[in-house]
Amino acid sequence: MVKRNMDVPWSYSGANGPEYWHTLCDWYAEGATFRYQSPIHLRHDAASQIVDSSEAISFHYQTERFTEKEFKNTIHFIPFECDSYVIFNNVDYALTDIHYHLPSEHWIDGQQQSVEIHLVHMDKEGNNLVVGVLCEIAPEILAEGPLRQSAVWDLDRHLEVFDPSVFLPKTRSHFHYVGSLTTPPTKGPINWFVFDEIAQLSRAFLSQFQEEILQGNNRPLQELRGRDVYYFPDRTE
């Protein structure tokens with residue numbers, strides 16, 4: 001008999017690891033019935049290129065206040081007001097969460113990266129949209145990164161003030177596909193947008209959360225199952 005407990009523990013290894021998530025409770029089992037799971041291996045040579053900019057995502061981020069929380073094996077930055085948003089298909093999706101996976105969950109052209117940042121959004125109907133940014137870890141502090149002088153990181157008071165754009169790469173070319181959440185209950189459909197430029201994240205920034213971010217908190221790659229993957233070149237190119 002499958003448990004009816006939505007808070008049942010899960011992990012990234014062992015008897016409650018990814019291959020067993022769907023067996024832990026009926027809520028997780030229901031999420032796993034969605035055919036198109038995430039993450040996936042993204043390939044430029046297998047994606048359909050889209051040149052119509054009206055079908056792309058647009059970003060409307062601004063400086064706002066966040067607080068950090070540790071749950072689901074990683075650190076999350078949660079905005080107070082949800083002022084930042086994206087627009088896709090004429091629908092506004094407010095930024096509700098920023099969190100991290102080490103190493104990256106998505107692969108691009110055979111390469112996995114050290115970090116993947118997920119910027120999670122939600123529309124007024126409760127539908128999610130997730131933006132993924134794959135990163136290398138840079139040994140130095142990056143002037144344009146999250147530790148830039150205009151940002152505030154007051155971890156003692158659990159207050160951060162920054163523009164979420166600091167986590168986006170300079171080039172806005174990206175993949176788009178329909179998948180699922182990558183943690184239980186892995187429900188879908190979720191619109192995914194994954195940048196193909198590899199960003200840089202300073203080791204000094206990540207070291208502030210080394211106890212909160214579990215190493216190896218990445219779900220294994222999932223089968224493509226014939227789904228369509230689209231590629232949008234940078235509109236400024």
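Fair warning: this is a prediction, and the values are worked out from it, not measured in the lab.
Ring orientation note: the planes of Y61 and H121 are close to parallel, at an angle under 30° on the 30°/60° scale. Ring orientation note: the planes of F162 and F66 are close to parallel, at an angle under 30° on the 30°/60° scale. Aromatic ring pairs are classed by plane angle as parallel below 30°, tilted from 30° to 60° and perpendicular above 60°; the pair H76 and F71 is parallel. The aromatic rings of F193 and H176 sit parallel to each other, their planes meeting at less than 30°, with 60° as the upper class boundary.
The aromatic ring centres of F77 and F209 sit less than 6.0 Å apart. A distance of 6.0 Å or more separates the ring centres of H106 and H41. For F205 and W153, the distance between ring centers is under 6.0 angstrom. The ring of H174 has its center no closer than 6.0 angstrom to the ring center of Y231.
For the pair K170 and E197, the salt-bridge criterion is not met [side-chain N within less than 4.0 Å of a carboxylate O].
Within a 6.0 Å radius of CD in E30, other residues, nucleotides and ligands contribute 12 heavy atoms or fewer.
There is a side-chain donor-acceptor pair under 3.5 Å between E116 and H118. Judged purely by distance below 3.5 Å, without hydrogens or angles, the side chains of Y28 and T23 never pair a donor atom with an acceptor atom.
Remark: R227 fails to qualify as a cation-pi partner of Y36 under the 6.0 Å distance and 45° angle criteria applied to the six-membered ring.
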